[in-house]
Colleague: 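Quick one: the structure is below, and I'll ask about it shortly.
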Amino acid sequence: MTTVAVTGSASGIGRATAERLAADGHSVIGVDLHDADVVADLATPHGRDAAVADVLAACAGVLDGLVTCAGLGGVPDRAGSLVVEVNYFGTVDLLDGLRPALARSDAPAAVAIASNSTTAQPGIPMDVVDACLAGDREAARAAADTAGSIAAYPATKTAICRWVRRHATQEPWVGAGIRLNAISPGLIETALVAEQRADAMMGPLIGLFPIPVGRGGRPEEIAGLIAFLLGPEGRFFCGSNLLIDGGTEALLRPDDWPTPWDLDPSVFPRS
Ligand code: NAD
């Protein structure tokens, strides 16, 4: 049995993940605003510090897995800064804060939940991405408030993907034996999407979202991929961003990936 912390464990993908991991025999430490082992508000630095401290206490300083699912969607009346706080800093501060506990495990792994909005939603405000990755909270909050939460949402997820890819291959992570990866789900039928469907402006747009498999995803389908990535069969994954979206992105951008690596021809002549 291993011990895995799951943020956002009270609902949707996080809850399905906590249930799946528990059914597989793991000990799960759920983190959420309510109905969790660790009740914490990941929207504030203080809440994130408290969450890290409480998880460390609950796992006695040794953590085998961490899954960061807590997140908020973009909706017209939600501040972009709140989405930055929960989605981006609520992810990377937990990854940073719990990394030492992961390093004490024999086979540790972490999975951060991003989104296919990173590549399927146009017009991402890159100033939000850059400020997040620079760790400049005030600049990220300000830029996100200017952009609004609907545009800031994919920016927070893009920043998560880049953070994961930048850190996964480095000494503190893979060097300590910790496999760090991201998952980018498409539309999954959860409370987050229900909130957007209920919005007068966003609801009709959600209904138009193209999903070639013909339905939205189920939280259990993401939980299955998370369980795989955390487990022994996922040990060759490091710094990956796994898209699982029913074909949306392949439909919208069939030829954009793989992106060829175009090296400077003055350094690497083509012939
Ligand atoms: P959800 O609303 O069902 O669950 C999100 C959970 O995060 C809730 O339990 C909520 O209480 C928790 N949370 C929100 N703010 C918090 C805070 N300040 N502190 C602590 N916990 C907080 O949504 P979901 O769809 O299961 O989303 C899970 C993750 O998956 C999110 O990061 C979301 O961005 C991502 N995602 C969802 C979809 C989708 O279509 N549902 C698609 C791509 C990515």
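Counting starts at 1 for both ligands and their atoms, in listed order. We're numbering straight along the sequence, starting at 1.
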Colleague: What residues sit with at least one heavy atom under 4.0 Å from ligand 1?
Modeller: G8, A10, S11, G12, I13, D32, L33, H34, A40, D41, L42, A43, C69, A70, G71, L72, V86, I113, A114, S115, Y153, K157, P185, G186, L187, I188, T190, A191, L192, V193
Colleague: According to the salt bridge (Lys or Arg N to Asp or Glu O under 4.0 Å) rule, which pairs have a member within residues 225-249, sequence neighbours left out?
Modeller: none
Colleague: Can you pull the salt bridge (Lys or Arg N to Asp or Glu O under 4.0 Å) pairs that have at least one residue in residues 178-194, sequence neighbours excluded?
Modeller: E189-R197
Colleague: Looking only at side-chain N and O atoms, does D145 offer a donor or acceptor that is under 3.5 Å from a partner on S81?
Modeller: yes
Colleague: Please determine which of R137, E85, R48 meets the side-chain contact (heavy atoms from CB on, under 4.5 Å) test together with D93.
Modeller: R48
Colleague: Looking at every heavy atom in both V55 and L63, which two are closest together, and how far apart are they?
Modeller: CG1-CD2, 4.3 Å
Colleague: Check side chain to side chain contact (heavy atoms under 4.5 Å, CB included) between D24 and all other residues, then give those that pass, not counting sequence neighbours.
Modeller: R20, H26, A227
